[in-house]
Amino acid sequence: MLQLSFLQRDKAGTLERLAKRGGEDFSSLVEAVLAEDQKRREGLSELERLRAESNKIAKAVGIAMAKGDAGAADEARRQTAELKAAIADLEKVVKQTEDRLHEQLVRLPNLPHESVPAGKSADDNLVVHERLRELPLWAEPQPHWDVLAKLGTIDFERGVKLTGSGFPVYVGAGAKLQRALIRFFLDRAEAAGYLEIQPPHLVNADSAFGTGQLPDKEGQMYFVGADNLYLIPTAEVPITNLYRDEILAEERLPIKLCGYTPCFRREAGSYGKDVRGLNRVHQFDKVEIVQIVRPEDAYPTLEEMTRYAESLLDDLELPYRRLLLCGGDMGFASAKTYDLEVWSAGQERWLEVSSVSCFESFQSHRLKLRYRPATGGKPVLAYTLNGSALALPRIVAALLENRRQADGSVSLPPCLHPYFGAERLQPGDKTL
RNA sequence: GGUGAGGUGGCUGAGCGGUCGAAAGCACCUCUUUGCUAAAGAGGCGUACCGGCAAAACCGGUACCAUGGGUUCGAAUCCCAUCCUCACCA
């Protein structure tokens, strides 16, 4: 949620930055917000004046009663009837105005950072750099679902039976590889100074609102109606919400947290080659990193976090590139996002495995997550950042496709050997 | 699931219809004094919003004692609902 004070101070600048998102024209919404706020303040001023008057009378009654002056008390009581009605009416009006204002304000996406290129879609993203390693040249590139057909370590069909499409079953060495990757990512995060969190996998509406999933992405989350809870689409939600409604001491920043969770996404509207195999699934594993920082530290931190995620890909020996997302391809709440994509040799295309974003105060404003400056004074909104480090399925897909050997086995990069307990996945591995 | 108790400021905890944004203690901050790694004394110490101002400081106001309703001239205090916590029972 944007800060109203910023809108008021610099309307032109706000519109200019919103225009980078390339889609919808927000100028009328911004105007509506400002007009609504004007109305709100006028109503509120009058309402508070009336309430002050009413409070004065009530106090006078109390004093008259204490003195035993029943006449004066009755007289005061008579005065309040009209006042009460006026207050009740105005309260209703002000409440409506505030609700409308909030509903409009919440529809404005975050302002892209000045370094973010304007653009409409993924085509306008900038490639920051590419790290390509030499790949074996396959006579015939094989997508991971074909590699898996021989290995049998991920069972898509039985997942369909259990739940539906997009719920793979990891079997034997496949399951163990998941565990190895999770442990590798967590150990690395811990070594980089992140405190490990195991959060709940379901959250309430307040939490989903706090990080911006509600109301923007309501349809993308699984919802448990009986208890009004949402299955988390990413650990970002519970972990960032840890400090909701808190005022932290400045000395505690930066706060660095990480956590492994399964992620649940409905992915309504996806189709085609995008959803084949592990490309897009409804439940997947991910290690997330989150930082809560002072505003002046936010952008250096974004670079640091992105570089950290890249270092994991270095260790995994996967070819990758870093994209700076254009305004139109960024998430609703983000001010600046880097995506990391790995090269998938079997499908001959790039697959997103990490997204690292700076939200500035967009989330913390909703979260009421503030810190008190060491020099004293008013609490200020902290800046939040998060990134995947990393999401598993496409890493697995790339490993399978890029590291497939002539005999059908798949060699694993050395960093995984101690976690996996072997150097390769073999066609002879046990399966269902 | 049942019954009972309860949810108050950073923490502990008083208040149970009027001047209570809320006693007291702890923690924290400033100052003073003695001096030595501590003690004593004085003062300060919630958040949001509205207005005064161009802004900060500051001043005035409004709201907030789990949440949402209600009763009343007046609610932290009474009533109802919801959520949560604790204890005991099943």
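Given the structure is predicted, the values throughout are model-derived calculations rather than measurements. The sequence lines fix the lettering, A, B, ..., with proteins before strands; numbering per chain opens at 1.
Distance, Arg40(A) CZ to G51(B) C1': 12 Å, rounded to whole Å. Spacing between atom CG of Leu248(A) and atom C1' of U47(B) amounts to 15 Å, rounded to whole angstrom units. Taking atom CD of Glu91(A) as the reference point, atom C1' of C50(B) lies 15 Å away to the nearest angstrom. At whole-Å resolution of the value, CG in Asp37(A) and C1' in C50(B) are 11 Å apart. Summarising the geometry, the separation between CG on Asp245(A) and P on C64(B) is reported as 18 Å, rounded to the nearest angstrom. Rounded to whole Å, atom C1' of C49(B) lies 12 Å from atom NE2 of His365(A). In this structure, Glu46(A) atom CD and C49(B) atom C1' are separated by 17 Å, rounded to whole Å. Separating the CD atom of Glu246(A) from the C1' atom of G46(B) is a distance of 15 Å, rounded to the nearest angstrom.
A salt bridge does not link Arg372(A) with Glu250(A): every distance from a Lys NZ or Arg NE/NH1/NH2 to an Asp or Glu carboxylate oxygen is 4.0 Å or more. With respect to the salt-bridge test (charged N to carboxylate O, under 4.0 angstrom), the residues Glu157(A) and Lys161(A) do not qualify. Classification of Arg307(A) and Asp314(A) as a salt-bridged pair holds, one side-chain N sitting under 4.0 Å from a carboxylate O. Salt-bridge check for Lys95(A) with Asp99(A): passed, with a basic side-chain N closer than 4.0 Å to an acidic carboxylate O. The pair Glu130(A)-Arg322(A) does not count as a salt bridge, with every side-chain nitrogen at least 4.0 angstrom from each carboxylate oxygen. In this structure, Glu46(A) does not pair ionically with Arg41(A), as no charged nitrogen and carboxylate oxygen lie closer than 4.0 Å.
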So which protein nitrogen or oxygen atoms get under 3.5 Å of nucleotides 56-62 of chain B's nitrogens or oxygens?
residue	atom	partner	partner atom	Å
G61(B)	N2	Glu48(A)	OE1	3.0
G61(B)	N2	Glu48(A)	OE2	3.2
U62(B)	OP1	Asn55(A)	ND2	3.2
U62(B)	O2'	Arg51(A)	NE	3.3
U62(B)	O2'	Arg51(A)	NH2	3.3

Interface polar pairs with nucleotides 77-86 of chain B, N/O, under 3.5 angstrom:
none

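Distance check on atom C1': A24(B) versus C45(B) gives 16 Å, rounded to whole Å. Between G9(B) and G15(B), the two C1' atoms lie 14 Å apart (nearest whole Å). Taking the P atoms as reference points, U19(B) lies 41 Å from G1(B), given to the whole Å. On the C1' atoms, A87(B) is 25 Å away from A76(B), given to the nearest whole Å. Look at the C1' atom in both A14(B) and G25(B): the space between them is 11 Å, to the nearest Å. The gap from the P atom of G10(B) to that of A90(B) amounts to 40 Å, rounded to the nearest Å. Annotation: C89(B) and C49(B) have their C1' atoms spaced 48 Å apart (nearest Å). For the P atom pair drawn from C78(B) and G2(B), the interatomic distance equals 25 Å after rounding to whole Å.
Judged by distance alone, the side chains of Glu401(A) and His144(A) do bring a donor and an acceptor atom under 3.5 Å apart.
Closest to the side chain of Ala58(A), from the set G18(B), U47(B), C49(B), is G18(B). For Ile247(A), the listed nucleotide lying nearest its side chain is U47(B); candidates were C73(B), U47(B), C50(B). If you check G51(B), A48(B), C73(B) against the side chain of Pro379(A), the one that comes closest is A48(B).
Pairing for C58(B) is with G52(B), a Watson-Crick or G-U wobble pair whose two hydrogen-bonding atom distances lie under 3.5 Å. Pair check for U19(B) finds none; no Watson-Crick or G-U wobble contact set falls under 3.5 Å. A 3.5 Å limit on both hydrogen-bonding distances identifies no Watson-Crick or G-U partner for G74(B). Under the Watson-Crick or G-U wobble criterion, with both distances below 3.5 Å, U37(B) has no partner in any strand shown. Partner assigned to A87(B) is U3(B), using Watson-Crick or G-U wobble distances below 3.5 angstrom. The partner of A42(B) is U30(B), judged by Watson-Crick or G-U wobble contacts that both fall below 3.5 Å. Nucleotide C11(B) is matched to G25(B) when pairs are restricted to Watson-Crick or G-U wobble geometry with both distances under 3.5 angstrom. Applying the Watson-Crick and G-U wobble criteria (two distances, each under 3.5 Å), U82(B) pairs with A66(B).
For an aromatic pair to be called close, the ring centres must be under 6.0 Å apart, and Phe264(A) with His201(A) fails this.
Nearest-nucleotide mapping onto RNA chain B: of Ser54(A) and Gly62(A), the residue sitting toward the 5' end is Gly62(A).
Ring-plane geometry between His129(A) and Tyr320(A) is classed as perpendicular, the angle between the planes exceeding 60 degrees on a 0 to 90 degree scale with a lower cut at 30. Ring geometry for Tyr308(A) versus Tyr194(A): interplanar angle of 30 to 60°, hence tilted. The aromatic rings of Tyr230(A) and Phe223(A) are tilted relative to each other, their planes meeting at an angle between 30° and 60°.
Phe209(A) carries Arg366(A) over the face of its six-membered ring, with the cationic atom under 6.0 Å from the centre and within 45° of the normal.
Residue Arg372(A) places no side-chain N or O under 4.0 Å from the OP1 or OP2 atom of G10(B). Taking 4.0 angstrom as the limit, Lys84(A) places a side-chain polar atom (N or O) nearer than this to OP1 or OP2 of G74(B).
Using a 4.0 Å heavy-atom criterion, one finds that Arg370(A) contacts the sugar-phosphate atoms exclusively. In this structure, Leu44(A) reaches the sugar-phosphate backbone alone: every heavy-atom distance under 4.0 Å involves primed, P, OP1 or OP2 atoms, never a base.
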